[in-house]
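Report on one structure; see the data block that follows.
By convention in this document, chain letters (A, B, ...) are assigned in the order of the sequence lines, proteins followed by strands, and residues within each chain are numbered from 1.
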Amino acid sequence: MSRKFNWRTLERRWQRKWSLSRIHEAEPVRGKTKYFVTAAFPYPNSPQHIGHGRTYTLADVNARFHRMRGYNTLFPMAFHLTGTPIFAMCKRLQAHDPEIIRTFTHIYGIPKSKLEYLKEPLNMARYFRDEIRKGMVEIGFSIDWRREFTTVDTLYSRFIEWHFRKLRALGLITRGTHPVGWCPNDNGPVGYHDTQGEVEPEIGESFLVKFERDGVVYPTATLRPETVFGVTNLWLNPTANYVRAEVDGETWVISKDTVEKLRHQNRAVKVLREVDPKDSFWKTVENPATKSPVPILPGEFVDPSNGTGVVMSVPAHAPYDLQALNDLKGKESGSDRAAQVDSVKPFPIIRLEGSSDLPAEDIIKEFHVADQKDPHLEDATKELYSREFHRGIMMENTGTYSGLSVGQAREMVVQEFTRNGKIAKLYEIKNRPVFCRCGWECVVHILSNQWFINYGDHEWKKLAHDCLASIALLPEDSIGQFNYTIDWLKERACARKVGLGTPLPWDKEWIIESLSDSVIYMAYYVLAKFVSKKWMAFKKLEKLSPEIVDGFFGYIFLGEGNPDTVTRSTGLPRRILDAIRGEFLYFYPVDMRHSGKDLIPNHFTFYIFHHSVLFPRERWPKGIVANGFVMMEGTKMSKSLENIIPLRQGIAKYGADPIRIGVMATAELGQDTDFSETLVTSIQEKLVSLMNQTRKLGHKRKGAMSSPSSLDKWMLSRLNDAVKEATGSMEKLRVREVINRILYQLDNELSWYQRRSAVKSSKTDNRTSVLRKVFEARSKMLAPVAPHVAEQMWHALGNKGLASMVNWPDFDAGLEDPVAEQGEWLIKELLSDTGEIVKATGLKPGKVVYYAAPSWKWRIYMSSLESASTAKISQGVFLSKVMDDAEMRKLGKEAADYATKVVQQVRETPEGLRQSRLKAGRLSEKEILRQAREFLSKELKAEVDVWEAKEAGAYDPKGRARFAEPYRPAILVE
RNA sequence: GCGGGGGUUGCCAAGCCAGGUCAAAGGCGCAGGGCUCAGGACCCUGUCCCGCAGGGGUUCGUGGGUUCAAAUCCCACCCCCCGCACCA
């Protein structure tokens with residue numbers, strides 16, 4: 001039946017009502033507290049999928065919750081078009097890339113006929129923006145759509161210009177050189193989406209150590225410049241092509257492949273002539289560190305495209321070098337070179353605990369390396385590098401570096417040798433080869449005059465830390481990552497030459513990059529509402545001079561300058577200007593900003609940085625929540641696995657509310673959650689059954705409750721507890737807990753209530769009234785999470801208006817009923833204990849007898865609870881207190897034994913339970929059990945008798961009554 | 001390497017910060033029963049081992065420690081995941 005349920009109809013009905021009632025449109029209301037929620041806006045180069053749904057659903061739940069708690073809540077949305085991914089996608093479509101076509105048609109479900117249209121970047125952006133917006137409406141997000149904008153809107157660009165001029169005026173913009181991944185064919189930078197297989201080109205730093213002979217430099221590329229002291233020889237590949245070239249005024253011998261590489265790294269390279277490596281072999285060059293001569297030898301393992309094709313050999317510490325040297329010795333043995341080769345002897349310069357004088361030799365043995373082409377050699381090298389880096393100490397033969405750790409020595413060697421020109425930096429693509437989509441291999445290119453935002457500024461960092469300290473973070477343990485990021489950030493390139501976006505106002509060749517133009521846009525939502533009215537005044541404003549436009553932004557966002565002047569210069573009516581400024585002051589700052597946890601090391605932290613320096617403290621962000629990702633049936637979502645469900649397809653297939661709950665229900669905030677078909681179907685069933693139950697309760701309101709039974713009170717007390725817990729959890733956005741409490745736990749309690757009341761006489765039947773109360777509160781608490789279902793339930797119960805707009809239920813201390821709670825607890829425990837006995841003994845019970853605890857035990861028990869509530873209860877003190885009581889003394893050992901036992905028991909009872917039992921006071925167990933007799937009898941399928949221990953005439957053939965204790969009646973099963 | 005998150009009973013996943021009804025919530029799966037013509041759904045019951053009286057034993061990555069008491073606190077170690085820059 002649930003499968004046939006028409007979610008679409010339900011959703012449309014309520015979405016239409018929300019829209020007609022404009023309940024999501026927020027306007028400033030004087031005297032009413034506001035709550036401003038934002039979520040990271042989407043980038044429209046693909047449809048949103050269920051994973052995005054998690055962040056936005058959470059934001060929506062938060063917004064709806066606050067709305068119900070009486071906050072004037074604003075939740076807007078916009079679209080981020082800045083950058084290159086849209087371009088990249090269009091380019092691939094234009095090139096008829098089969099992979100992207102498959103993704104579009106197969107996963108995204110876009111008709112083939114649409115593809116032509118999508119080849120145009122702005123068309124694509126428009127298409128996916130519409131798609132995403134529709135999805136957000138269909139899943140029921142309570143967004144104020146009047147504030148929508150995109151980051152390429154003209155006025156937005158003016159806003160970003162203002163933002164950047166501000167930063168520059170504050171001295172936070174710097175300029176310098178910067179290495180980037182680059183395609184020599186396209187002549188432009190490459191990001192991961194520009195490469196084959198979408199791999200990010202990783203840039204690594206290596207060093208050129210310059211060996212010299214007669215004014216000719218052999219620049220050897222290495223990651224370990226500190227080992228220069230242990231060099232025995234250089235290697236050139238005898239089969240590779242080398243050239244002699246003039247590089248920045250020096251004469252270098254390098255592999256042919258190196259020429260272009262150096263040019264991309266801003267070196268002036270003039271090739272003089274090709275050289276045969278064989279001409280260099282057996283000659284010697286001077287070691288720049290030790291000044292001693294070392295020979296150049298042939299090594300086939302040398303990769304001419306890696307580094308410079310010139311390698312320094314440190315056989316004591318580099319497995320490759322040692323292996324190559326040994327191979328060479330073998331090859332040349334007996335030849336007239338043998339003596340010379342044999343004279344090349346490895347010697348150590350780093351001491352490594354637990355290693356011989358030749359750590360490289362040890363590791364080669366350890367890894368069972370056969371020759372210089374053995375793949376194990378690579379692993380051996382990595383392992384030794386790592387060991388020496390962490391545990392190695394420089395030896396006496398390294399001069400002033402002696403005694404230093406390898407890490408320290410490297411830093412100092414680089415510093416000192418760079419100063420005298422003997423070491424230079426060389427960048428490499430670490431994970432090479434990386435190929436551009438056009439087919440060319442990517443290289444490292446150094447951009448000169450790159451613009452940066454200087455997050456390394458100390459004052460700024462301090463401000464950012466201050467700002468962070470004032471932000472409520474969810475989950476709380478993400479604080480470490482934030483602090484780390486703030487400390488670690490330094491200069492960050494903030495502009496590129498390609499892509500959509502706003503040109504840098506003072507250097508229009510550069511376009512402000514996408515992570516930099518999206519850090520203060522939340523403020524723009526205020527303005528966007530006015531701009532969307534398309535008044536001429538804004539059209540005019542867009543075209544005014546920077547001074548005037550900056551004056552405008554400075555006034556509305558920072559209160560700078562004078563409104564009269566701004567009005568005069570912009571031509572914007574004073575009334576409008578005041579309204580914008582007023583609305584900004586009303587809604588700003590953002591109370592909670594939502595996104596995935598992947599944005600902590602970038603966007604979230606930038607957001608903090610920029611707000612801290614641009615805005616006064618009272619406009620700093622108040623809260624940040626970083627949620628985990630969504631997995632699909634236990635695996636990561638990925639295009640190649642084709643397990644991405646676009647949100648709209650998901651809604652159509654499963655319904656909006658089941659998806660909303662599906663992404664929230666099975667994991668806590670920061671944890672990744674798993675979405676699966678079985679999960680979402682079970683949620684569907686749950687929701688449908690809720691709606692059915694509500695429908696059965698019907699519209700009719702019954703009169704007031706007749707005197708409620710203990711069971712009724714228990715149910716209301718549980719409901720009240722659910723309200724309390726759900727509220728607390730919601731405040732911390734622990735939505736999983738909320739769902740668990742109001743959907744599942746409450747269901748268990750309801751089913752206990754119904755099971756227990758099934759045998760009750762109908763005279764005092766309050767069942768319907770109690771159930772109505774439960775379902776009414778439940779529909780309210782469900783409203784933020786599953787708004788469509790909640791509205792339906794609310795309506796079915798005969799309520800007018802919208803559940804989304806009523807007040808969230810309040811905790812009512814008056815409904816707390818410890819007596820009823822403890823009474824039911826007693827019965828439940830008793831039932832389960834009896835079952836345990838039945839199971840253990842294998843008896844088929846015909847008669848079950850219960851004995852309630854005698855009053856003297858209750859006195860001791862209650863007294864122990866009291867003692868434990870004020871101080872740590874101690875055996876001796878409590879015992880003597882009990883024995884002070886004449887009546888107890890009369891009971892003698894029996895009382896003492898019980899008192900001793902009870903101390904231990906009470907000590908192990910959790911605080912909350914102790915409190916509750918203390919509040920409940922002494923239970924009239926016998927009465928409670930007598931009332932539950934019929935129920936117990938039915939459950940146990942046996943006759944049930946209840947006595948108080950030692951009651952006159954009690955049936956107690958086995959003398960069990962004496963075991964009765966408070967909350968633990970004695971049991972006899974026959 | 002640096003930083004962050006995590007390892008819980010068949011699976012998923014709470015609990016851990018604030019130690020004590022914790023053999024450990026909830027869901028899934030599995031088994032038995034009820035309901036039903038039947039299946040599904042739904043509702044009970046069970047699901048580490050032992051137990052003819054509500055009990056006992058052994059468990060929360062590994063090894064130590066603190067405590068009357070440890071999944072929870074401390075120390076050391078092992079394993080998995082994520083981020084480390086110009087990219088949204």
Side-chain angles (χ1 to χ4, degrees), chain A residues 1-3 40 42-43 45 80 82-86 178-181 189-194 200 202-203 386 389-390 407 447 450-453 455 475-485 487-496 513-516 518 597-603 628-629 634 636 665-668 670-674 676 678-679 682-683 685 688-689 736-737 739-741 743-745 748 751 754-755 825 829-830 832-843 875 904-914 939 958 960 963 967-973:
Chain A
M1 182 196 62
S2 66
R3 243 166 270 168
Y43 190 84
N45 72 332
H80 198 195
T82 312
T84 55
I86 293 179
H178 187 63
V180 294
V190 283
Y192 80 100
H193 49 256
D194 303 313
E200 178 89 41
E202 293 169 44
I203 296 169
S386 155
F389 183 78
H390 291 104
L447 292 170
Q450 168 71 54
W451 292 99
F452 301 96
I453 295 176
Y455 294 110
E476 285 153 8
D477 55 21
S478 55
I479 182 84
Q481 255 188 99
F482 275 102
N483 275 321
Y484 179 78
T485 309
D487 290 335
W488 169 83
L489 279 172
K490 23 184 206 258
E491 289 183 319
R492 185 194 153 89
C494 64
R496 19 181 9 189
E513 160 285 332
S514 61
L515 252 47
S516 304
S518 59
K597 61 184 177 186
D598 51 329
L599 295 196
I600 294 175
N602 43 62
H603 169 267
F629 310 126
K636 214 169 149 178
T666 60
E668 240 355 303
Q671 245 42 60
D672 293 351
T673 192
D674 190 35
S676 67
T678 45
L679 172 73
S682 92
I683 295 167
E685 277 155 9
V688 169
S689 119
R736 187 195 60 81
E737 268 172 18
I739 292 169
N740 195 255
R741 187 70 187 87
L743 227 47
Y744 296 99
Q745 233 173 293
N748 288 144
S751 86
Q754 283 173 312
R755 190 170 152 200
W825 190 85
E829 280 301 296
L830 199 56
S832 116
D833 278 351
T834 313
E836 188 103 340
I837 292 168
V838 169
K839 187 183 142 208
T841 57
L843 292 169
Q875 197 91 255
Q904 187 59 26
Q905 266 178 19
V906 163
R907 189 150 46 189
E908 286 176 7
T909 307
E911 179 63 21
L913 186 62
R914 279 206 300 249
E939 289 288 325
K958 295 226 171 114
R960 300 213 57 87
F963 295 115
Y967 286 103
R968 202 165 176 278
I971 303 169
L972 171 68
V973 179

Whichever of A:Gly670 and A:Lys490 has its nearest RNA chain B nucleotide further upstream toward 5': A:Gly670
Pair A:Glu911 + A:Arg914: basic N to acidic O under 4.0 Å: yes
Side-chain N or O of A:Arg755 versus OP1/OP2 of B:U45: is the shortest distance under 4.0 Å? yes
Quick one, which residues of residues 475-484 of chain A touch RNA chain B with a heavy atom under 4.0 Å? A:Asp477, A:Gln481, A:Tyr484
For B:A31, which nucleotide is its Watson-Crick or G-U wobble mate, given both distances must be under 3.5 Å? B:U45
When you check every protein heavy atom under 4.0 Å of nucleotides 50-57 of chain B, what one-letter string (B, S, -) results, 5' to 3'? -BSBBB--
Using heavy-atom distances to pick each residue's nearest nucleotide on RNA chain B, tell me which of A:Phe389 and A:Phe452 is more 5'. A:Phe389
Counting heavy atoms from C-beta on, name the nucleotide in B:A88, B:C84, B:A13 closest to the side chain of A:Ala667. B:A13
Nucleotide opposite B:U21 in a Watson-Crick or G-U pair, distances under 3.5 Å: none
Testing B:U21, B:C42, B:A88 for proximity to the side chain of A:Glu685, the answer is B:C42
Restricting both atoms to N or O, compile the protein contacts to nucleotides 23-30 of chain B shorter than 3.5 Å, with distance only.
{"residue": "B:G26", "atom": "O2'", "partner": "A:Asn740", "partner atom": "ND2", "Å": "3.4"}

Would one find more than 12 heavy atoms of other residues, nucleotides or ligands at under 6.0 Å from atom CD of A:Glu476? no
